[in-house]
2 protein chains.
Amino acid sequence: MNIKDIAKLANISKSTVSRVINNDPKVHKDTREKILQIIKNESFIPNNIAKSLKTKKTKVIGILVPDIGNPFYYEILRGIESLLDKNNFNMMLCNTEYDSKKELKYISLLMSKKVDGIIIAPSSSISKGVNLLYEKNIPFVVLDIIQDYIKTNCVLVNHFKVSYSATSYLLKNGHKEIFILDAYRENKSLSNFRNGFIEAMKENKILIKDYYLNEASPDIIGGYKTLKKIINSKYNITAIITICDLAAVGVYKAAKELGVTIPDDISVIGNDDIPLARYLNPSLTTTRQPKFKLGYKSAEILLDCIKNENFNKENVKIYELDTKLMIRDSIKRRI
Amino acid sequence: MNIKDIAKLANISKSTVSRVINNDPKVHKDTREKILQIIKNESFIPNNIAKSLKTKKTKVIGILVPDIGNPFYYEILRGIESLLDKNNFNMMLCNTEYDSKKELKYISLLMSKKVDGIIIAPSSSISKGVNLLYEKNIPFVVLDIIQDYIKTNCVLVNHFKVSYSATSYLLKNGHKEIFILDAYRENKSLSNFRNGFIEAMKENKILIKDYYLNEASPDIIGGYKTLKKIINSKYNITAIITICDLAAVGVYKAAKELGVTIPDDISVIGNDDIPLARYLNPSLTTTRQPKFKLGYKSAEILLDCIKNENFNKENVKIYELDTKLMIRDSIKRRI
DNA sequence: ATGAAAGCGCTAACAC
DNA sequence: GTGTTAGCGCTTTCAT
């Protein structure tokens with residue numbers, strides 16, 4: 001069943017049916033009602049694939065996240081969805097697993113399916129996928145993981161401030177031997193999360209030992225392995241700052257197994273404030289990121305690029321959203 | 001840029017370009033290589049919208065879940081995604097928020113976008129959306145929430161057994177005044193979760209007081225409100241069984257606020273075993289559902305329906321996956 | 001206010 | 001092994 005069939009049933013041309021479907025005002029009231037009635041009777045649903053072929057718009061956007069399993073992203077997804085819903089867009093969700101190959105594959109698929117735009121939390125800070133989008137002039141917004149060598153619209157929090165504040169807070173509480181767990185980075189010197197830590201330490205004239213600076217996967221396993229390594233190496237650490245709460249959960253897990261008590265033996269401070277954070281034992285001190293808003297804002301910018309067709313590689317901006325340190329029970333005062 | 005342009009560059013017809021793109025063996029090796037080279041040079045990505053219009057296949061499936069924010073669904077999503085990835089399918093994710101209107105709207109959108117099939121965790125056990133899919137002969141699989149009045153492929157766990165076992169376990173531990181928190185249901189007598197509880201109580205000759213049987217939204221707020229209600233009503237409850245872990249988290253939250261100690265004052269048993277469950281304080285006793293497998297299996301069945309075009313409303317089955325009671329620290333022995 | 005016709009970019013049947 | 005052609009179901013310009 002297609003508009004031609006509907007047209008036949010109504011003794012009218014398919015152009016007019018098309019007009020009715022698209023709410024073109026230039027249709028006689030009676031004609032409109034008749035056609036609407038038939039559409040309803042037949043419970044006809046127009047073929048938007050054909051429409052898209054003609055109009056070059058799909059009302060679909062692609063979303064790429066590195067880890068569907070990280071609660072950080074669900075709230076973001078909810079933020080995106082809430083705006084897409086209002087605009088009758090759909091989202092194609094892709095899970096890249098921090099794998100640049102998979103990321104690139106999905107981006108190609110999305111492009112072949114002619115999504116109107118893409119929101120991507122890249123697999124790394126040098127993403128080939130993002131480069132492809134850039135070259136092909138696809139409207140896109142980068143989320144959370146800023147690109148090192150390319151200017152794009154980007155929505156995120158200030159990771160420098162996040163770790164600077166977290167470190168300062170630990171310092172204020174008498175900690176000196178602080179371990180930082182960053183995600184893997186191609187170019188370490190470009191890591192704001194790392195640099196905020198370094199800056200805070202330097203300002204307080206604390207010597208940064210090599211092994212303070214660490215990298216792992218930003219998930220439970222990453223945090224788990226990291227604490228095990230710390231304990232095995234008998235480093236004299238009193239606190240650990242993690243790149244995300246999920247990694248902090250990994251630290252908790254390892255602590256339990258190793259008989260290490262948080263915060264008495266080691267203090268932990270996370271980043272992003274996943275819903276679980278406040279329910280952990282002890283509840284996790286962490287930096288709250290406005291996750292819903294991160295998603296909503298990204299969608300807003302993207303839809304704007306799409307609608308106004310004003311997507312311009314040069315006219316691009318970094319949107320920094322505010323964070324807040326949530327002080328809970330995972331930090332011990334060492335004075 | 002389209003296949004016609006590629007054809008021109010190669011001095012060849014677009015049919016042959018199409019053949020190369022679709023790996024048709026009936027193309028001369030040299031021709032193929034030449035075309036492949038041009039495609040690569042131009043970094044040409046074929047328009048799958050046009051392809052879909054012709055072939056009536058999109059390689060997209062729609063997923064509808066009632067609450068993106070419930071961790072129960074992420075593992076399911078991962079399961080679905082892992083199979084879709086292998087088959088180069090994309091997924092359109094829709095969040096229905098237990099709202100049948102929104103569900104229906106999204107289903108219409110998905111149908112207009114000609115998804116090859118749909119996996120739906122319905123907003124309720126009598127879903128108009130599911131009925132529409134049924135009537136329109138769209139391949140679909142129902143996840144988790146079985147439909148009361150319509151036969152469909154359905155992947156889920158045996159909720160009767162889940163609550164029966166949970167209740168039996170509580171009974172064995174000396175509990176008698178047990179409260180059950182079910183999700184809202186149009187037809188209460190059809191709730192297996194409720195019925196498993198009733199059956200276990202009856203077998204043990206425990207009188208079921210009216211207020212034992214309760215309904216709330218299956219999320220943190222639902223659990224939160226429920227415990228508040230119990231405490232305010234001064235019911236003499238020693239244990240509570242929740243329809244999902246997220247509701248149990250709500251119970252924990254209310255308990256903390258009210259100064260109620262788990263498990264000393266009240267025991268709690270969840271259902272589904274979200275990642276957070278074991279990290280709660282006290283760690284939550286709950287029934288583990290094979291979430292990844294639930295998703296994977298659904299996708300498997302759906303892709304099978306799509307590929308073999310053997311989707312037949314009558315030839316439909318319920319797939320019950322195994323569960324396991326995870327005994328942790330949220331139950332107190334009352335003997 | 002309505003209709004006729006061209007065309008979006010691809011596939012696939014058919015011809016050679 | 002390759003080319004020609006019709007057509008998938010819409011939109012949209014142009015005519016009336």
Between Y98(A) and D219(A), a side-chain donor and acceptor under 3.5 Å:
no
Donor-acceptor pair between N90(A) and K113(B) side chains, under 3.5 angstrom:
yes
Nucleotide interval of DNA chain D bounded by contacts with chain A (heavy-atom cut-off, under 4.0 Å)
dG9(D) to dT13(D)
How would you list all residue pairs meeting side chain to side chain donor-acceptor pair (under 3.5 Å) that involve residues 289-302 of chain B, not counting sequence neighbours?
K86(B)-Y296(B), N271(B)-Q289(B)
Calculate, to the nearest 0.5 Å, the distance between atoms CD1 and CD1 belonging to I118(B) and I63(B) respectively.
9.0 Å
How long is the straight-line distance from CG of L77(B) back to CZ of F292(B), given to the nearest 0.5 Å?
11.0 Å
Closest contact, heavy atoms only, Q147(B) versus P122(B):
NE2-CG, 3.3 Å
Checking all strands, does S52(B) fall into the base, sugar-phosphate, or nothing category for heavy-atom contacts under 4.0 angstrom?
nothing
Once base and sugar-phosphate atoms are separated, protein heavy atoms under 4.0 Å mark nucleotides 8-14 of chain C, 5' to 3', with B, S and - as BBBBBB-
side-chain hydrogen bond (donor to acceptor under 3.5 Å, both in side chains) assessment of N2(A) paired with K14(A)
CA-CA 9 Å; N2(A) 55 38; K14(A) 59 181 182 148; over 6 Å; no
Over 12 non-hydrogen atoms of neighbours within 6.0 angstrom of NZ in K317(B)
no
